[in-house]
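See structure below.
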2 protein chains.
Amino acid sequence: MTESAQAASRQEQKGRTRQAILAAALELAQHQGFAQISLRQVARAAGIVPTAFYRHFESMDELGLALVEQSFSTLRRMIREAQRDPKVFDNIIDAAADVLVEAVKQSKAHFAFVARERVGGSEAVRRAIRHELDLFVSELAVVLARLPNIESWATEDVQMVSRLFVRNMVSNAEEVVEMPDGRPDLEESIKEGARRQMRLIVVGFRDWRS
Amino acid sequence: MTESAQAASRQEQKGRTRQAILAAALELAQHQGFAQISLRQVARAAGIVPTAFYRHFESMDELGLALVEQSFSTLRRMIREAQRDPKVFDNIIDAAADVLVEAVKQSKAHFAFVARERVGGSEAVRRAIRHELDLFVSELAVVLARLPNIESWATEDVQMVSRLFVRNMVSNAEEVVEMPDGRPDLEESIKEGARRQMRLIVVGFRDWRS
DNA sequence: ACTTTGAGTGTACGCACGTTCACTGAGTTT
DNA sequence: AAACTCAGTGAACGTGCGTACACTCAAAGT
């Protein structure tokens with residue numbers, strides 16, 4: 001029994017502390033980069049004693065990998081929700097630009113973490129992010145392949161366009177993340193830039209191939 | 001007098017030590033990221049005692065800024081040399097892809113430094129890199145504006161294409177930097193990817209505007 | 001010949017770090 | 001009710017860090 005009834009206060013508490021550690025690390029990493037925050041800083045911010053950290057993660061590196069996982073699962077949930085919206089079929093480009101900027105604004109910390117640690121982090125964290133992004137390129141390719149204009153393209157061309165889209169997504173996410181707080185007017189210009197770039201890719205690709 | 005004759009052994013030696021510090025920091029930063037190397041590590045690798053470091057730089061941050069400067073002056077020299085080559089007028093895209101890959105291979109450490117610290121470094125270093133890249137976009141725009149196909153474009157369109165080129169340059173440089181050592185076959189595929197992307201930008205832009 | 005300059009030295013300091021260990025005490029199992 | 005489990009505690013350790021300070025001793029300036 002034990003595991004159905006009223007959901008166990010013991011592991012529930014453990015889960016809450018784990019989340020506190022993740023949240024604390026994410027917050028600290030925003031200001032200084034994950035690689036330069038210490039185990040003790042994280043513990044302090046999470047409200048536990050340094051040694052208690054080891055009850056949840058073997059090392060800071062493992063914490064980093066958990067943050068990568070969390071970040072991408074957030075991103076995937078957003079993409080899945082966005083796909084239900086019928087307007088992606090009419091105008092995938094405008095929809096993508098909107099979703100991107102909204103998503104980044106909503107989970108700024110996760111995007112900032114990925115953007116930074118993708119190149120700046122430890123070997124293990126970098127590899128994990130690269131792997132997730134590769135997966136993401138393939139997933140996006142599947143979505144793209146279903147679109148009216150694209151369904152006739154060769155598989156490898158779709159893959160390449162997907163790669164370009166993801167690369168641009170990363171760049172634009174970086175821009176939104178670095179956007180000064182008091183300047184929401186920049187948001188629309190980033191969006192417009194993203195739209196232009198995506199249109200460029202699609203139009204250029206079609207015409208170049210013809 | 002004093003400053004012309006046989007070039008002063010005193011400041012000459014100081015310059016040599018300064019270069020040793022820069023080289024040591026660049027080397028160390030390749031493996032762990034500049035933000036996580038210590039003043040003492042740099043001093044050790046440069047063959048001086050920690051306190052002697054202060055004769056050359058006020059802090060690690062100042063060292064970082066010096067490395068940014070050094071990296072971009074390397075890059076600028078390469079671009080200037082490449083511009084003398086007449087083939088850039090016939091086929092700027094192929095030329096650019098060649099120059100990029102060659103340049104990165106030749107000064108891998110500097111490019112790796114910029115790619116990493118652009119997002120992962122300290123606030124000051126990040127700002128300096130961003131500023132240099134902005135300058136670079138403007139400089140490239142001037143070069144582009146002189147090209148046959150482009151000379152009729154509006155200034156702001158040239159600027160935007162330049163921005164796209166630089167962004168792609170950064171991405172491709174990252175790829176070359178991360179390229180595993182034993183796989184020179186990947187080089188050509190990165191080059192081909194870069195060529196395609198640039199063609200895409202140029203073709204897409206022209207057709208979209210028509 | 002002298003003084004001055006300044007790059008590099010060596011010691012010493014206080015501090016934050018990661019990790020160890022034996023512990024406590026509430027929640028869970030028997 | 002007794003036994004067990006285990007998330008969180010608190011003291012202690014060795015280490016590497018940035019920086020201060022007083023120093024040396026050739027090269028440069030007079």
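Each chain gets a letter, A, B and so on, in the order the sequences are listed, and its residues count up from 1.
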Give me the distances for all protein-to-nucleotides 19-25 of chain D N/O pairs that come in under 3.5 Å?
unit_1	atom_1	unit_2	atom_2	d
D:dT19	OP2	B:Tyr54	OH	2.5
D:dT19	O5'	B:Tyr54	OH	3.3
D:dT19	O4	B:Arg40	NH1	3.4

*Expressed in angstrom and rounded to an integer, what is the separation of B:Ile21 atom CD1 from C:dA7 atom C1'?*
11 Å
*asked:* Using whole Å, what does the distance between atom P of nucleotide D:dA7 and atom CZ of A:Phe57 come to?
replied: 13 Å
_For the CZ atom of A:Phe111 and the CE atom of A:Met169, what is their distance to the nearest 0.5 Å?_
6.5 Å
*Atom pair distance, as rounded to whole Å: NZ in A:Lys14 and P in C:dT28*: 14 Å
*Atom CD of B:Gln11 and atom P of C:dG8: how far apart are they, to the nearest Å?*
13 Å
*asked:* At less than 4.0 Å, is any side-chain N or O atom of B:Thr17 found next to OP1 or OP2 of C:dA7? Yes or no.
replied: no
*C:dG8 P sits how many Å from B:Phe53 CZ, rounded?*
13 Å
*Nearest-angstrom distance from the residue atom CZ of B:Arg10 to P of C:dT4*: 15 Å
*Reckon B:Arg44 touches a base, only the sugar-phosphate, or nothing at all at heavy-atom distances under 4.0 Å?*
sugar-phosphate
*Taking only Lys NZ, Arg NE, NH1 and NH2, and the carboxylate oxygens of Asp or Glu, determine whether A:Glu81 and A:Arg76 approach each other closer than 4.0 Å.*
no
*Any Lys/Arg nitrogen of A:Arg167 or B:Glu175 sitting under 4.0 Å from an Asp/Glu carboxylate oxygen of the other?*
yes
*What nucleotide, of D:dG8, C:dT9, C:dG27, holds the atom closest to the side chain of A:His56?*
D:dG8
*Scan residues 44-58 of chain B for pairs that pass side chain to side chain donor-acceptor pair (under 3.5 Å), counting only residues two or more places apart or in two chains.*
none
_If you compare every side-chain N and O of A:Ser38 against the phosphate oxygens of C:dC17 (OP1, OP2), does one of them come in below 4.0 Å?_
yes
*asked:* Can you measure B:Ile48 atom CD1 to C:dA7 atom C1' for me and round it to whole angstrom units?
replied: 9 Å
*Is B:Arg163 salt-bridged to B:Glu156, going by a charged N under 4.0 Å from an acidic O?*
no
*In whole angstrom, what separates B:Met60's CE from D:dG16's P?*
17 Å
*asked:* Can you see if the side chain of A:Gln41 gets near the phosphate of C:dC17 - specifically, an N or O under 4.0 Å from OP1 or OP2?
replied: yes
*For B:Arg18, what residues pass the salt bridge (charged side-chain N to carboxylate O under 4.0 Å, His left out) criterion, not counting sequence neighbours?*
none
_Please determine whether a side-chain nitrogen of the Lys or Arg among A:Lys105 and A:Glu187 lies less than 4.0 Å from a carboxylate oxygen of the Asp or Glu._
yes
